[in-house]
Amino acid sequence: MPEFQAPKGVPEYFPPRSSAFLTVREALAFPAQHAGYGYIELPVFEDTALFVRGVGESTDVVSKEMYTFTDRGDRSLSLRPEGTAGVIRSIVENRLDKGTLPVKLWYAGPFFRAERPQHGRYRQLQQVGIEAVGGDDPALDAEVITLADEAYRRLGLRQYRLDLTSLGCAQCRPAYREVLTNFLAQLDLDEPTRARAALNPLRVLDDKRPEVHDQLGDAPLMVDHLCAECRDHYDSVRGFLRDARVQWQEAPRLVRGLDYYTRTTFEFTHELLGAQSGIGGGGRYDGLMESVGGDALSGIGFGLGTDRTLLACEAEGLDVGAGPRVDVFVVPISDAARHVSVGLLAELREAGIRADMAYGGRGLKGSMKAADKSGAPRVVIIGEDEVAAQNVQVKDMQQGSQQAMTREEVVGELRRSIMEESQ
RNA sequence: GUGGGUGUAGCUCAGCUGGUAGAGCGCUGCGUUGUGGUCGCAGAUGUCGCGGGUUCAAGUCCCGUCACUCACCCCA
């Protein structure tokens, strides 16, 4: 047992799996980048009050899962448990909302929640997210959802599902909340569940325990109590989603754990992931910006779980990010050859060719073995004869064939053949 | 946070009713003179998660602890 271990519940990614992680992260961000979203790099910790006010004091995320600490200036700071509050804070602080609206941003990075770790539930979790702020056009809701769906599809994922609903707004939700509260009051619920119902009755709707679930058969649903505006908005969103050919499932009991969500709300789940099946989710938020001290602009965004999406890819047997890490591997057989190799290596890499060489003064056999392990399709062998003749041997590892090339022409030749193959 | 399971070489795991550790894969080397992947041979690596207890004796039983894992909860 090593003296030091990574903190509990914190995943690490190292080769070879780390390349799959990078591929997933890039794939999740790609559609948004191509839709004109700009990148925003945010602090990993913020004023604790930002999350308390923005995400909601009553949420589990804020009330019992935040890593909160006091800094040397006696300020209360918290490791960010989610991304939206920070993005909104930055928009307000830097007045990003004073130009053309909507402001469209994307971000990626670690978030922190002190939950009990599980497969796919980590204390340091990675997310890729986007926010479109300053507009309540339902087409924007559809765009955000479409970009998430596209990201998953690009990776080759198939066994996932999109749940969609509307949570209403400040006009219609309070009335519905009352109806639901009255309904829940007459059920047989245990104390913790009653407490939860008092805090946020919506939350009880997606309780998975059979003894609770079975009593919810004819519970009143938000979608049946939407005001006219919310109803229209939701209908339009669905219309635009059809235009974009996105498949979804109506999920009238879908609830989100963050208080700021209003109207359009969605979640992507993967069927092979077990209890932690949510691979992404998001929705619209009407009051968030105002509650953080900005103008009353509406926004919509998503957060996609990088860790869980990687898990989902693995569960579906997709080998994302696979493939050799270098195109060429150089094998020197003598001291003079090592000098030639170091020079050649620099030239290869400068020419954009991914290259590595045999280090450690291994024998030819051992070096060839290392070359094989590297996965490089081509190996450049340089021995005393080659040094004298100012040429090199280039071996095609798949076919086993080998040919001599002059020192001057190797780089060009290799670049040509690599480019041919990548087409 | 609540309840269950697991923890043995780098990896996957075997070790029956307690008697001081094994396999496969991987790794290193060899199969003569400058060539990998297959094959054959040889070799290295474990305070059996950690701490305590019971016992003549514990990987094997008991307690604690840490980590992972499953469900709830929560959510990405």
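Everything numeric here is computed off the predicted structure, so don't read it as measured data. Order of the sequence lines sets the chain letters (A, B, ...), proteins ahead of strands, with each chain counted from 1.
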**Study point:** Euclidean distance, atom CG of residue A:Asp307 to atom P of B:U69 [Å, nearest integer]
**Key:** 12 Å
Point to revise | Base of B:A76 paired with side chain of A:Gln124 (donor-acceptor, under 3.5 Å) | key: no
Review point. Is there side-chain contact between A:Leu414 and A:Arg378, with heavy atoms separated by less than 4.5 Å?
Key: yes
Review point. If you count the non-hydrogen atoms of other residues, nucleotides and ligands that lie under 6.0 Å from CD in A:Glu57, is the total more than 12?
Key: no
Exercise for review: Tell me what A:Phe268 touches on the nucleic acid: a base, only sugar-phosphate, or nothing, going by heavy atoms under 4.0 Å.
Suggested key: nothing
Review point. Donor-acceptor pair under 3.5 Å: do we get one between A:Arg113's side chain and the base of B:A76?
Key: yes
Check your understanding: Does the base of B:G1 carry an N or O that pairs as donor and acceptor with the side chain of A:Arg121 under 3.5 Å?
Key -> yes
Practice item. Remember a base hit wins even if backbone is also touched, and classify A:Gln276 as base, sugar-phosphate or nothing at under 4.0 Å, heavy atoms. Key: base
Review point. Taking the six-membered ring for Trp, are the ring centroids of A:Tyr261 and A:Tyr285 within less than 6.0 Å of each other?
Key: no
Check your understanding: Within the structure shown, what part of the strands sits under 4.0 Å from A:Arg209 by heavy-atom distance: base, sugar-phosphate, or nothing?
Key -> sugar-phosphate
Check your understanding: Where does the angle between the aromatic ring planes of A:Tyr176 and A:His225 fall among parallel (under 30°), tilted (30 to 60°) and perpendicular (over 60°)?
Key -> tilted
**Study point:** Nucleotide nearest A:Gln5 (side chain, heavy atoms from C-beta), chosen from B:G1, B:A76, B:C66
**Key:** B:C66
Point to revise | A:Leu258 CG - B:C75 P separation (whole Å) | key: 7 Å
Check your understanding: What residue among A:Phe30, A:Phe302, A:Tyr37, A:Tyr39 forms ring-ring contact (aromatic ring centres under 6.0 Å, His included) with A:Trp106?
Key -> A:Tyr39
Review point. Is the distance from OP1 or OP2 of B:A71 to the nearest side-chain N or O of A:Gln118 less than 4.0 Å?
Key: yes
**Study point:** Rounded interatomic separation in angstrom, taking CZ from A:Arg116 and P from B:G4
**Key:** 10 Å
Review point. Reading nucleotides 24-38 of chain B from the 5' end, what letters show protein touch, with B for base, S for backbone sugar-phosphate only, - for no heavy atom under 4.0 Å?
Key: ---SS-----BBBB-
Practice item. Would you mind classifying the nucleic acid contact of A:Ala275 as base, sugar-phosphate or nothing, using non-hydrogen atoms under 4.0 angstrom? Key: base
Practice item. Please confirm whether any donor atom in the side chain of A:Arg308 sits under 3.5 Å from an acceptor in the base of B:C75, or the reverse. Key: yes
Exercise for review: Look at all strands and tell whether A:Leu125 reaches a base, only sugar-phosphate, or nothing, counting heavy atoms closer than 4.0 Å.
Suggested key: base
Practice item. Could you tell me the separation between the CG atom of A:Leu310 and the CZ atom of A:Arg17, rounded to the nearest 0.5 Å? Key: 4.5 Å
Review point. Picking from B:A76, B:U69, B:C73, which would you name as closest to the side chain of A:Glu115?
Key: B:A76
